[in-house]
Amino acid sequence: QVQLVESGGGLVQAGGSLRLSCAASGRSFNDYVMGWFRQATGKEREFVAAISRTGYSTYYADSVKGRFTIARDNAKNTVYLQMNSLKIEDTAVYYCAADHSLVVLTSVSQYDYWGQGTQVTVSS
């Protein structure tokens, strides 16, 4: 089992940047594929980005491709989401997720472990 704690959210102006972190504890971090998801008020949780166990493979939602970057540091048991050129529509609670899978996952229902979320608010 793995416990996940997100940090780094906050209020930022449109066009700005934020870096989210997700610290994992428990079983070996590199046994998990990791993902970032977000949920805006009144909307369903949606996929943002995911990364393989080694970090060599990454996947992004079309809405964030070219602006967001997912990375992981297995020595620090941490996954990051660098968010640049933020837009108002990026406003949401961002969640970190983990799964003991051999392949990268992009669906909410596929992940077994979730953090508590961190709020990102982008203002005009």
Side-chain angles (χ1 to χ4, degrees):
Q1 192 166 352
V2 63
Q3 293 79 44
L4 305 172
V5 178
E6 303 96 333
S7 61
L11 175 64
V12 63
Q13 285 191 325
S17 298
L18 280 176
R19 189 177 81 155
L20 304 183
S21 299
C22 173
S25 61
R27 288 189 57 185
S28 300
F29 182 64
N30 56 9
D31 283 347
Y32 294 89
V33 297
M34 301 297 297
W36 285 98
F37 292 78
R38 66 186 181 187
Q39 187 167 17
T41 302
K43 295 187 176 181
E44 294 187 351
R45 194 169 298 188
E46 64 176 8
F47 169 74
V48 175
I51 191 166
S52 63
R53 292 183 175 195
T54 61
Y56 290 154
S57 297
T58 57
Y59 296 85
Y60 297 93
D62 288 343
S63 59
V64 306
K65 203 170 292 184
R67 300 188 298 122
F68 291 10
T69 302
I70 188 171
R72 66 190 295 163
D73 186 336
N74 286 345
K76 295 183 178 180
N77 289 359
T78 302
V79 62
Y80 305 96
L81 185 67
Q82 178 66 43
M83 305 186 295
N84 298 330
S85 302
L86 281 161
K87 304 176 181 180
I88 293 175
E89 51 264 41
D90 293 319
T91 295
V93 177
Y94 283 71
Y95 296 90
C96 173
D99 193 84
H100 193 56
S101 169
L102 295 176
V103 297
V104 178
L105 306 173
T106 60
S107 172
V108 170
S109 62
Q110 293 173 310
Y111 282 85
D112 285 337
Y113 304 103
W114 293 85
Q116 83 290 348
T118 185
Q119 176 71 47
V120 171
T121 303
V122 184
S123 65
S124 58

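Every value quoted in this text rests on a predicted model; they were computed, and no experiment measured them.
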Any donor-acceptor N/O pair, Q82 side chain to T69 backbone, under 3.5 Å: no

salt_bridge(K87, D90) N-O dist < 4.0 Å: no

Point-to-point distance, once rounded to the nearest 0.5 Å, from CZ of R67 to CE of M83: 9.5 Å

Taking every non-hydrogen atom, the tightest pair across S17 and N84: OG-OD1, 2.9 Å

R72 side-chain N/O to G55 backbone N/O, donor-acceptor pair under 3.5 Å: no

Neighbour count >12 (heavy atoms, 6.0 Å) for atom CD, E89: yes

Q116 atom CD, neighbour heavy-atom count above 12 within 6.0 Å: yes

Connected via hydrophobic side-chain network under 4.5 Å: V103 and Y59: yes

Can you give the donor-acceptor pairs under 3.5 Å from side chains of residues 29-37 to other protein atoms, not counting sequence neighbours?
unit_1: W36; atom_1: NE1; unit_2: Y80; atom_2: O; d: 3.4

Smallest separation among heavy atoms of A92 and A40, with atom names: CB-N, 3.7 Å

Backbone of K76 reached by a side-chain donor or acceptor of T78 within 3.5 Å: yes

Distance (rounded to the nearest 0.5 Å) between S123 OG and I88 CD1: 7.5 Å

Heavy-atom neighbours of K65 NZ exceed 12 at 6.0 Å: yes

Hydrophobic cluster identity match, Y95 and V79, side-chain contacts under 4.5 Å: no

Separation of C22 SG from N77 CG (nearest 0.5 Å): 10.0 Å

Value rounded to 0.5 Å, distance of OH in Y60 from CD1 in I51: 7.0 Å

Separation between CD of Q39 and CD of E44, rounded to the nearest 0.5 Å: 8.0 Å

Smallest separation among heavy atoms of C96 and L4, with atom names: O-CD1, 3.7 Å

Common cluster, V93/V108, ILVMFWY with side-chain heavy-atom separation under 4.5 Å: yes

pair H100-R53: side-chain heavy atoms closer than 4.5 Å: yes

Sidechain-backbone polar pair: T91 side chain, V122 backbone, donor-acceptor under 3.5 Å: yes

Ring geometry between Y94 and F68 (parallel below 30°, tilted from 30 to 60°, perpendicular above 60°): tilted

I70 reachable from L105 in the ILVMFWY side-chain graph, under 4.5 Å edges: no

N/O donor-acceptor pair under 3.5 Å between N74 side chain and S28 backbone: no

Cluster check L20, F47: I/L/V/M/F/W/Y, side chain < 4.5 angstrom: no

